Visitor: 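Dropping a structure here in structure tokens format, bear with me for questions.
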Amino acid sequence: MQLDYIVVGLGLSGLSFVEELESHNKSYVVFEDASQKSSRVAGGLYNPVILKRFTMAWQASQQIETAVSFYKNVEAKLQKTVVSELPILRRFNAVEEQNNWFEACDKPILGEFLSSELIRNTNPALDIPFHYGKVKHTGKIDISSMLSAYAKKLRENNILIDESFEYDKITVAKDYIQYKEIKCRHIVFAEGYGVKNNPFFNDLPLYGNKGEYIIIKSEALKQKEAIKSSIFIIPLGADLYKVGATYNNQDKSPEITSTAREELQKKLDRFLKVPYEVVDQVAGIRPTVRDRRPLIGTHARYANMHILNGMGSRGILLAPTMAKKLYNHIEKGISLDKEIDCKRYKNL
Ligand SMILES: Cc1cc2nc3c(=O)[nH]c(=O)nc-3n(C[C@H](O)[C@H](O)[C@H](O)COP(=O)(O)OP(=O)(O)OC[C@H]3O[C@@H](n4cnc5c(N)ncnc54)[C@H](O)[C@@H]3O)c2cc1C
């Protein structure tokens, strides 16, 4: 079989790159083995503001436009709801935080995303003594059902191979790559934290950060907007809410833990005043990088081998933009900014 591309991994990164291939009529196959869960368990929120410090996330105001139209396009193709608008309310812990918020509202780009109105809590289920600030232009992507529907479509067209990619079966020639019976022009690795098993790119400083959510059911909560306090409460419908997430740099195991559940419940119990039941828990490893920037680009020795990774805790906004940059780099020779190019780490 002769193809333009092999893509390894169908998380947010792999899907974003496949969309580039589709729009340029390239031939490809995707390998996916369900070994990583980051995209599947993510909260799914898109929000350009860092809500701890009230600053903009890196290049987020440019990425948000690209991302929202990207997911709406996928939604139209899949004929399935993927994007929903969802306001995010930031719970203030003190008057000082309110003041910091209002200061941030006056800053040029931040001002577009932060509402300067103090929002009073009307939900008796929640203890919110210092009120909320509202982030504008935020929403939620139903990543898990988008990925399932996308995979189904690829599978129906014999483009998805539900197998682990075996790195030792690869032969790299000057103008092509041979993998088993497939000959392709390029290979793009988008394995998230799974890149640790990839001998061509595993010396990059992608450390990973484990995140866990609990899913709670509470009939009395009746909350429509997402709330950000020390943790997020994200409404899922049918009285279910995602609560979290944790951040753990040490534990890289895929399993859920009782430590995370206890930590999340302790934080939740500080401001949720009604009964709830924990009905589920999920865990995944965020593909985080030492300098908190994506890792994309071409292997130093193999011109037909590429990486699309390092989306950290903001894959929804980053992946569509980074996939486009990588595609333009490979096919049009457009250089990558040093900040995101994997070659910024010399030991590759
Ligand atoms: C708890 C948690 C909450 C989060 N919340 C948000 C959020 O609200 N908003 C946001 O923007 N981001 C969030 N993130 C971050 C976001 O999930 C990541 O940035 C994003 O999912 C990374 O996508 P990816 O495709 O690069 O990696 P992954 O999602 O890890 O996808 C990689 C894929 O490659 C496959 N794979 C790996 N190795 C192989 C192999 N050898 N062969 C075949 N397949 C392979 C894996 O099975 C996997 O499907 C969250 C992450 C976590 C863990």
Side-chain angles (χ1 to χ4, degrees), residues 6-18 29-48 51 57 60 63-64 67 71 86 88 138-144 146-148 150-151 160-170 179 187-202 206 208-215 226 228 231-232 234 242-248 251-252 254 256 260 264 281-289 292 294-296 307-323 326:
I6 290 177
V7 178
V8 181
L10 189 70
L12 285 171
S13 299
L15 185 150
S16 300
F17 197 79
V18 165
V29 288
V30 182
F31 283 81
E32 171 55 51
D33 66 358
S35 56
Q36 292 296 322
K37 304 268 180 271
S38 183
S39 298
R40 294 257 174 189
V41 305
L45 295 179
Y46 60 87
N47 157 37
L51 289 172
Q63 291 153 10
I64 194 164
Y71 295 109
L86 182 67
I88 299 178
T138 54
K140 188 166 172 292
I141 305 297
D142 191 345
I143 305 176
S144 188
M146 171 180 75
L147 287 174
S148 296
Y150 207 92
L160 183 65
I161 304 177
D162 289 288
E163 280 175 19
S164 282
F165 185 84
E166 297 176 71
Y167 303 98
D168 57 351
K169 301 270 160 49
I170 217 175
Y179 178 75
I187 184 159
V188 171
F189 292 111
E191 312 111 312
Y193 187 66
V195 76
K196 287 281 156 210
N197 302 318
N198 180 335
F200 302 103
F201 286 105
N202 65 2
L206 189 140
N209 184 297
K210 182 167 175 177
E212 297 188 51
Y213 278 110
I214 51 172
I215 320 297
K228 167 73 173 110
I231 45 171
F232 274 100
I234 308 168
K242 222 168 190 175
V243 175
T246 55
Y247 287 82
N248 188 330
D251 175 13
K252 304 292 163 64
I256 56 168
L264 294 173
Q281 188 173 348
V282 290
I285 314 283
R286 302 173 183 91
T288 50
V289 182
R292 294 161 186 256
L295 273 177
I296 75 172
I307 183 168
L308 179 59
N309 211 320
M311 305 303 152
S313 55
R314 292 193 170 262
I316 294 175
L317 288 187
L318 282 169
T321 296
M322 293 304 133
L326 180 62

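All residue numbers in this chain count up from 1 along the given sequence. Every value quoted in this text rests on a predicted model; they were computed, and no experiment measured them. All ligand and atom numbering here is 1-based and tracks the order in the structure.
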Visitor: Heavy-atom distance under 4.5 Å between the side chains of N202 and V195, does that happen here?
Guide: no

Visitor: Any idea which protein heavy atom is nearest atom 30 (O) of ligand 1, and the distance to it?
Guide: Q36 CB, 3.5 Å

Visitor: Are the side chain of E32 and the backbone of A34 linked by a donor-acceptor contact shorter than 3.5 Å?
Guide: yes

Visitor: With heavy-atom distances below 4.0 Å as the criterion, list the atoms of ligand 1 near G211.
Guide: 1 (C)

Visitor: Quick one: do the S35 and D33 side chains pair a donor with an acceptor below 3.5 Å?
Guide: yes

Visitor: Test side-chain contact (heavy atoms from CB on, under 4.5 Å) on K140 and Y46 and set out the steps.
Guide: CA-CA 6 Å; K140 188 166 172 292; Y46 60 87; 5.8 Å; no

Visitor: Enumerate the atoms of ligand 1 whose separation from the nearest heavy atom of G192 is less than 4.0 angstrom.
Guide: 27 (O), 30 (O), 32 (C)

Visitor: Do P254 and I285 come close enough that some side-chain heavy atom pair is under 4.5 Å?
Guide: no

Visitor: Please list the nearest protein heavy atom to atom 36 (N) of ligand 1 with its residue and the distance rounded to 0.1 Å.
Guide: D33 OD1, 3.5 Å

Visitor: Which heavy atom of L86 sits nearest to which heavy atom of A226, and what is that distance?
Guide: CD2-CB, 3.9 Å

Visitor: On a heavy-atom basis, I'd like to know which of S164, P287, A57 is closest to atom 22 (C) of ligand 1.
Guide: P287

Visitor: Got the closest protein heavy atom to atom 23 (O) of ligand 1, with its distance?
Guide: S39 OG, 3.2 Å

Visitor: Using distance alone, determine whether S35 and ligand 1 share an N or O pair under 3.5 Å.
Guide: yes

Visitor: For atom 31 (O) of ligand 1, which protein heavy atom lies nearest, and how many Å away is it?
Guide: G11 CA, 3.6 Å

Visitor: Is it the side chain, the backbone, both or neither of K37 that has a heavy atom closer than 4.0 Å to ligand 1?
Guide: neither

Visitor: Counting heavy atoms only, name the option from L295, I316, I143, V30 that's nearest to atom 11 (O) of ligand 1.
Guide: I316

Visitor: Please list, in number order, the atoms of ligand 1 under 4.0 Å from a heavy atom of F31.
Guide: 43 (C), 44 (N)

Visitor: Does F165 reach ligand 1 with a nitrogen or oxygen that is under 3.5 Å from one of the ligand's nitrogen or oxygen atoms?
Guide: yes

Visitor: Looking only at protein heavy atoms, which one is nearest to atom 35 (C) of ligand 1, and what is the separation?
Guide: E32 OE1, 3.2 Å

Visitor: Please tell me if the side chains of F232 and V243 come closer than 4.5 Å, counting only heavy atoms from C-beta onward.
Guide: no

Visitor: So, for P287 and N309, which heavy atoms are closest and what is the spacing to 0.1 Å?
Guide: CB-OD1, 3.3 Å

Visitor: Which of the listed options, N197, L45, I161, L147, holds the heavy atom that is closest to atom 9 (N) of ligand 1?
Guide: L45

Visitor: How about F165 and Y179: are their ring centres within less than 6.0 Å of each other?
Guide: yes

Visitor: Within the 4.0 Å heavy-atom shell around A190, which atoms of ligand 1 are there?
Guide: 32 (C), 33 (C), 34 (O)

Visitor: Which atoms of ligand 1 sit under 4.0 Å from any heavy atom of A34?
Guide: 47 (O)

Visitor: Return the orientation label for the F189 and Y167 ring planes: parallel under 30°, perpendicular over 60°, tilted otherwise.
Guide: tilted

Visitor: With nothing but distance in play, are any N or O atoms of L308 less than 3.5 Å from an N or O of ligand 1?
Guide: no

Visitor: Below 4.0 angstrom from a heavy atom of M311, which ligand 1 atoms are there? Numbered from 1 as shown, please.
Guide: 19 (O)

Visitor: Check whether any N or O atom of G284, backbone or side chain, sits under 3.5 Å from an N or O atom of ligand 1, and answer yes or no.
Guide: no

Visitor: May I ask you to identify the nearest protein heavy atom to atom 26 (O) of ligand 1, giving residue, atom name and distance to one decimal place in Å?
Guide: S13 OG, 2.7 Å

Visitor: Which ligand 1 atoms does G43 reach within 4.0 Å, using its non-hydrogen atoms?
Guide: 3 (C), 4 (C), 5 (N), 6 (C), 8 (O)

Visitor: Does a side-chain heavy-atom distance below 4.5 Å link L45 with I234?
Guide: yes

Visitor: Do the non-hydrogen side-chain atoms of R40 and I143 ever get within less than 4.5 Å of each other?
Guide: no

Visitor: Regarding E191 and N198, is there a side-chain donor-to-acceptor distance under 3.5 Å anywhere?
Guide: yes

Visitor: Is it the side chain (CB and beyond), the backbone, both or neither of Y167 that lies under 4.0 Å from ligand 1, heavy atoms counted?
Guide: side chain

Visitor: Where is the nearest protein heavy atom to atom 12 (N) of ligand 1: which residue, which atom, and how far?
Guide: S313 O, 3.1 Å

Visitor: Taking the side chain as everything from C-beta on, heavy atoms only, tell me whether Y71 gets closer than 4.5 Å to L12.
Guide: yes

Visitor: Return a yes/no value for G312: is any of its N or O atoms, backbone included, closer than 3.5 angstrom to an N or O of ligand 1?
Guide: yes

Visitor: For atom 51 (C) of ligand 1, which protein heavy atom lies nearest, and how many Å away is it?
Guide: R286 CG, 3.5 Å

Visitor: Give the numbers and elements of all ligand 1 atoms closer than 4.0 Å to a heavy atom of E191.
Guide: 32 (C), 34 (O), 37 (C), 38 (N)

Visitor: Work out which heavy atom in I316 is nearest to a heavy atom in I141; give both atom names and the distance.
Guide: CG2-CG1, 3.7 Å

